[in-house]
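Report on the following structure.
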Amino acid sequence: MDEENELIALRRKKLDALRSKGVEPFGAGFEPSGSIAEVREKFKERETLRAAGRITAHRDMGKSHFLDLRDATGRIQIYIHAKEVGAELVDLFRLLDIGDLVGIEGTCFLTKSGEPTIKVRTLRMLAKALRPLPEKWHGLQAIEVRYRQRYLDLLTNERSRFVFEKRIAIVRETRRFFEERGFLEVETPILQTIAGGAAAEPFYTHHKALGLDLYLRIAPELYLKRLLVGGFNKVFEISRNFRNEGISRKHNPEFTMLEAYWAYADFEKMANLVEELITHLAQVVCGSLQIEHGDGDGKITCTINLKRPWRRARYYDLVREAAGKDWFKLSSKQRRERAIREFKLEILPQLADFEVTQHVFEKLVEEATVDPLFVTHCPKELVPLAKQNAEDNSLVDVFELIINGTEIAPGYSELNDPLLQRQRLLEQAGEETQKIDEEFLLALEYGMPPAGGFGIGIDRLTMLLTGAESIRDVILFPLLRPKK
RNA sequence: GCACCGUUAGCUCAAUUGGCAGAGCAAGUGACUCUUAAUCACUGGGUUGCAGGUUCGAUUCCUGCACGGUGCACCA
């Protein structure tokens, strides 16, 4: 079908014409004087420079032609004059299209309007584009195509490229942050026989030679803790996790997680570390602690203030603030009535009391939070892998960091009692005792130092720092159904 | 999985109540020796996502399907 398209047919004809002239349309081995930004820096009138890039515009003046040559670093204008170059180059030039990749060599000069321009002396075809690029002014708008053919999005939408450059900077700076503090970056298995460390539906796969069913990890946690047992006292991993769940604005089936563990630290120390990390990233990546989020038209809808210190508050206090001072004095029935009538929540009758409270918390506290908030001392039912609070056994020593209505990072004082850990995992597994990671429990029995740990979803953090409203805008190739 | 919305030229978008499917960019031809969203003239380009239905007539109304978006559900 596409082969019938006249635009493609024409370009194929030009491709054939190039070959019949003995010009290879997909060249190799061109050495430019640098990236186009570097070429602009080296630009000096009458100097000879070489540049490589994609032709993105062609302004035809008859005998004079101006073209824009672009790469990710910038744009430079090149110039060809029909009477000042040989017939061979003119012929070659006629077969160029917008979108082609070329390498040129020529002399620097300034046009009368002062534009740095290279007058082409030789031109090498590097790659003929057989399909036209999206329109130059509006760029590529179709959301689906931007995800499916991300290269077109990156090529035509500067904003999109900035988002991914920021994401790259976030990962790079995160590594530097941890290395400066003596943390070791480690790699742990993605293929696991038991998908532990979180409660999520895993993907499964199979190893042929071993005849072994395997899962893709849902979290690296249980392996990082084995390393704490092994004496690596400060470790972190930036890793892809896989969860076989629904896709949404905030969920992609594969996503990138940062997890860090620090022996002898506790959840409060980890909260400090998270605060330092995120403010550092905001400073380096955004140059500011005021993060603006806007709607599609660029109107600013909210400003997140990351200035330290961040508020820390206990779970029960926050619930009382939002749901009423008397909330925990109410009967189970009264709470349900209030949740349904006043807070307009859907509360199914089979929910436990703590789940009713959690629903209220999510709606009234979480969704309303803009600036960073550490929620601490959660009820233990919500977080079974954390240490119990020394003064109140119904609470655990954890924080949940909330920014802009989203859970950004949970952190714990990690449970290191192997017997209690076994009990919690058993409670969680219920009937499915095969899901208990015995190797992990074995490791704990050798003694794991008390430690603080936390996890941050890199994707959601990138959303926060770039103002992206969808996780697909911060993942280069988000999962989509194949197009038939 | 459920609900709502969307899908028109290579790209960005129009199309009145159901009445000849259009524009800009891109493309082709021509003009122009400094343009830069170049300009000017002319030309080509469409199975309106796919399959049905209603109708004299469907981009428009109805049904089903595909893909996407948003919300819900799922998501220690």
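Predicted model only: the values in this text are computed from it and were never measured. All values below come from the heavy atoms of this structure, side chains included, with hydrogens, waters and symmetry mates left out. Convention: sequence-line order gives letters A, B, ...; per-chain numbering from 1.
- The cationic atom of R226(A) (NZ for Lys, CZ for Arg) lies less than 6.0 Å from the six-membered ring centre of Y223(A) and within 45° of the ring axis.
- A donor-acceptor pair is defined here as one N or O able to donate and one able to accept, closer than 3.5 Å; no such pair exists between the side chain of T406(A) and the backbone of I408(A).
- Put simply, NE2 on H65(A) is 12 Å from C1' on rA31(B), counting in whole angstrom units.
- Using a 4.0 Å heavy-atom criterion, one finds that A198(A) contacts the bases of the nucleic acid, with or without backbone contacts as well.
- Checking rU35(B), rA38(B), rU12(B) against the side-chain heavy atoms of E135(A) singles out rU12(B) as nearest.
- What you find for A200(A) and R243(A) is that their closest heavy atoms are CB-CD, 3.5 Å.
- Minimum interatomic distance between P116(A) and I76(A) (heavy atoms only, all atoms of both residues): O-CG1, 4.1 Å.
- Look at the C1' atom in both rC50(B) and rC20(B): the space between them is 25 Å, to the nearest Å.
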Are any protein N/O atoms closer than 3.5 Å to N/O atoms in nucleotides 67-71 of chain B? If there are, list each pair with its distance.
unit_1	atom_1	unit_2	atom_2	d
rC67(B)	OP1	R481(A)	NE	3.3
rC67(B)	O3'	R148(A)	NH2	2.9
rC67(B)	O2'	E144(A)	OE1	3.3
rC67(B)	O2'	E144(A)	OE2	2.3
rC67(B)	O2'	R148(A)	NH2	3.1
rG68(B)	OP1	R481(A)	N	2.6
rG68(B)	O4'	E144(A)	OE1	3.2
rG69(B)	OP1	R472(A)	NE	3.0
rU70(B)	OP2	R472(A)	NH1	3.0
rG71(B)	OP1	R249(A)	NE	2.6
rG71(B)	OP2	R249(A)	NE	3.3

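- Around CZ of R94(A), the count of heavy atoms belonging to other residues, nucleotides or ligands within 6.0 Å does not exceed 12.
- Across all strands, A142(A) comes closer than 4.0 Å only to sugar-phosphate atoms, never to a base (heavy-atom distances).
- Backbone-only engagement by Q141(A) is indicated by non-hydrogen atom pairs under 4.0 Å involving sugar-phosphate atoms exclusively.
- Residue K112(A) places none of its side-chain N or O atoms closer than 4.0 Å to OP1 or OP2 of rC34(B).
- Here the closest heavy-atom approach between residue Q77(A) and residue T111(A) is recorded as NE2-CG2, 3.7 Å.
- Closest non-hydrogen pair, P478(A) versus R150(A), comes out as CD-NH2, 3.9 Å.
- Within 4.0 Å (heavy atoms only), D68(A) reaches no atom of the nucleic acid at all.
- A salt bridge is absent between D100(A) and R54(A): the closest approach of a Lys/Arg side-chain nitrogen to an acidic carboxylate oxygen does not fall below 4.0 angstrom.
- Straight-line distance from the CD atom of E346(A) to the C1' atom of rC72(B): 9 Å, rounded to whole Å.
- Not one side-chain nitrogen or oxygen of R59(A) sits closer than 4.0 Å to the OP1 or OP2 atom of rU35(B).
- The separation between L96(A) atom CG and rA26(B) atom P is 16 Å, rounded to whole Å.
- For the OP1/OP2 pair of rU35(B) and a distance below 4.0 Å, the side-chain nitrogens and oxygens of K119(A) include no atom meeting the criterion.
- In terms of polar N and O atoms assigned as donor or acceptor, the side chain of T111(A) comes within less than 3.5 Å of the base of rU35(B) in a complementary pairing.
- Considering all non-hydrogen atoms of both residues, L214(A) and T193(A) come closest at CD2-CG2, 3.6 Å.
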| task | Using a 3.5 Å limit on both pairing distances, list the dot-bracket string of RNA chain B from the 5' end; Watson-Crick and G-U wobble pairs count, crossing pairs take [ ], interstrand pairs take |. | result | (((((((..((((.....[..)))).(((((.......))))).....(((((..]....))))))))))))....
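- Across all strands, G197(A) comes closer than 4.0 Å to base atoms (heavy-atom distances).
- In this structure, F255(A) reaches neither bases nor backbone, as no heavy-atom distance under 4.0 Å exists between it and the strands shown.
- In this model, a donor atom of one side chain and an acceptor atom of the other lie less than 3.5 Å apart for N416(A) and K387(A).
- A gap of 16 Å separates the P atoms of rU60(B) and rC5(B), to the nearest Å.
- Applying the 4.0 Å criterion to OP1 and OP2 of rG28(B), one finds that K14(A) has a side-chain N or O inside that range.
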